[in-house]
Amino acid sequence: MARVTLDSVRKTYGDTTAMDGVSFTVGDGEVLGVLGPSGCGKTTTLRSIAGFETPTSGTIRFDDDEVTHVPPENRNVGLVFQEYALFDNMTVAENVAFGPKMRGVDKTARRERATDLLELLGIGGFEDRDPTTLSGGQQQRVGLARALAIEPSILLLDEPMTGLDAKLKTRLQREVGDLLAELDVTGLYVTHDQEEAMVMCDRVAVVNDGRVEQIGTPREIYEDPANDFVAEFVSLDPPALPFVEW
């Protein structure tokens, strides 16, 4: 695990500002939801933490180490994307073991790691399956197992449940949220779905036009919004939050 700190991070593309002085800290073992509408800077924030984007100004630290200009392969970050991006020329187990293989982990150890993670995620016995034969929810779990297989200090999830049907999405919100809590992993969960952020995250950062409008627990965000934007964006009826134990 690692603590993640962004200090006045700004990212511009020509005349477009994607991140406008973003500052926050994610504690060891905390899952922070990054919530906001499309185009608000959520994914740029995640990509900057992963190392795929370099901030125009500001700093990013993992614990006390500045990583602002450290390349992605040296950051020990696990990534889960909405597309899953599984290799269709590999089995499920080979997909999960790919990261450890690239890091020099021996064949027996990486196979055992893949088997253990798939079992933990409720898809044990799928090791030799073709990932293209799996359902969307099963592929999402394989993607999560692959991200966890490198034993990352930080786990970044970018809209991982987009495209899943409502019933499956609701079930996975609870299951994946419980799993993240069990693993005690430091995570950032990017989403435009208010309910998803409220259910799955310890705290939520509401982002708009590249700025953090408010950061707090789901209850704080819901009951005491900082401004009109936050109030309107997180306006959910209590029945829409069946899993939030306040």
Side-chain angles (χ1 to χ4, degrees), residues 1-12 17-53 55-63 67-68 75 77-82 152-162 173 176-177 180-181 185-236 240-241 243-244 246:
M1 294 185 298
R3 183 178 67 255
V4 181
T5 302
L6 275 67
D7 186 1
S8 302
V9 175
R10 181 177 176 84
K11 178 64 179 177
T12 59
T17 300
M19 299 174 68
D20 190 5
V22 172
S23 297
F24 59 71
T25 295
V26 189
D28 282 349
E30 180 182 32
V31 177
L32 177 72
V34 183
L35 173 68
S38 297
C40 72
K42 304 186 303 294
T43 295
T44 302
T45 300
L46 182 143
R47 287 177 59 83
S48 297
I49 294 168
F52 298 131
E53 302 283 356
T56 306
S57 61
T59 58
I60 300 173
R61 296 190 301 277
F62 293 173
D63 289 330
V67 298
T68 312
R75 295 197 184 196
V77 169
L79 301 165
V80 183
F81 298 107
Q82 56 181 285
S153 301
I154 299 154
L155 183 65
L156 306 178
L157 304 101
D158 189 9
E159 305 271 12
M161 297 193 190
T162 298
Q173 285 174 355
V176 174
L180 293 177
V185 65
T186 302
L188 279 90
Y189 194 103
V190 168
T191 182
H192 66 277
D193 187 311
Q194 302 93 318
E195 181 179 343
E196 201 169 293
M198 296 286 188
V199 170
M200 299 187 65
C201 302
D202 299 308
R203 289 189 301 150
V204 177
V206 182
V207 180
N208 183 39
D209 287 337
R211 298 183 301 274
V212 176
E213 300 283 354
Q214 184 175 2
I215 185 166
T217 65
R219 182 167 191 159
E220 289 168 346
I221 297 289
Y222 181 74
E223 294 188 346
D224 190 21
N227 53 41
D228 289 344
F229 173 82
V230 175
E232 292 175 9
F233 194 77
V234 301
S235 58
L236 292 169
L241 300 171
F243 304 132
V244 179
W246 290 348

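The analysis underlying the following values was restricted to heavy atoms, covering all of them including side chains, and did not include hydrogens, waters or symmetry mates.
Across Asp63 and Arg61, no two heavy atoms sit closer than the pair O-CB, 3.7 Å. Minimum interatomic distance between Val207 and Cys40 (heavy atoms only, all atoms of both residues): CG1-O, 3.5 Å. Residues Thr25 and Glu30 come closest through the heavy atom pair O-OE1, 4.0 Å. Thr68 and Thr59 get closest at one heavy-atom pair: OG1-CA, 3.4 Å. The two atoms that bring Pro55 and Ile60 nearest to each other are CG-CD1, 3.9 Å, heavy atoms only. The two residues Ala197 and Val204 make their nearest non-hydrogen contact at O-CG2, 3.9 Å.
For the pair Arg75 (side chain) and Ile49 (backbone), a donor-acceptor distance under 3.5 Å is present. Counting only distance, with no hydrogens or angles, the side chain of Glu159 and the backbone of His192 share a donor-acceptor pair below 3.5 Å. When atom types are taken as modelled, the side chain of Asp202 and the backbone of Val31 share a donor-acceptor pair closer than 3.5 angstrom. Side chain of Lys42 to main chain of Leu35: no donor-acceptor pair is present (N/O by atom type, distance under 3.5 Å, no hydrogens or angles). In terms of modelled atom types and a separation under 3.5 Å, the side chain of Thr217 and the main chain of Arg203 share no donor-acceptor contact. Looking at Thr186, its side chain does come within 3.5 Å of a backbone N or O of Ala2 through a donor-acceptor pair. Of the possible donor and acceptor atoms, one in the side chain of Thr56 sits under 3.5 Å from a partner among the backbone N and O of Thr12. A distance-only check finds no donor-acceptor pair linking the side chain of Asp7 to the backbone of Gly58 [under 3.5 Å]. With Gln214 contributing its side chain and Asp224 its backbone, the two residues share a donor-acceptor pair below 3.5 Å. The closest donor-acceptor contact from the side chain of Ser23 to the backbone of Ser8 lies under 3.5 Å.
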- Task: Evaluate side chain to side chain contact (heavy atoms under 4.5 Å, CB included) for Asp158 paired with Arg47, printing each intermediate quantity in order.
- Result: CA-CA 9 Å; Asp158 189 9; Arg47 287 177 59 83; 5.9 Å; no
- Message: Does Tyr189 form a side-chain hydrogen bond (donor to acceptor under 3.5 Å, both in side chains) with Glu196? I'd like the steps, not just the answer.
- Response: CA-CA 9 Å; Tyr189 194 103; Glu196 201 169 293; 2.8 Å; yes
- Task: Please assess Phe233 against Asn208 for the test side chain to side chain contact (heavy atoms under 4.5 Å, CB included), listing each intermediate value before the final yes or no.
- Result: CA-CA 10 Å; Phe233 194 77; Asn208 183 39; over 6 Å; no
- Check against side chain to side chain contact (heavy atoms under 4.5 Å, CB included), Thr45 and Phe24: CA-CA 11 Å; Thr45 300; Phe24 59 71; 4.0 Å; yes
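When each of Val190, Val80, Leu188 is checked for a side-chain contact (heavy atoms from CB on, under 4.5 Å) with Leu156, only Leu188 meets the rule.
One finds the CZ atom of Arg10 at 10.5 Å from the CZ atom of Arg211 (value rounded to the nearest 0.5 Å). Note that CG of Leu79 and CG of Leu46 are 7.0 Å apart. Values are rounded to the nearest 0.5 Å. How far CE of Met19 is from OG of Ser48: 4.5 Å, rounded to the nearest 0.5 Å.
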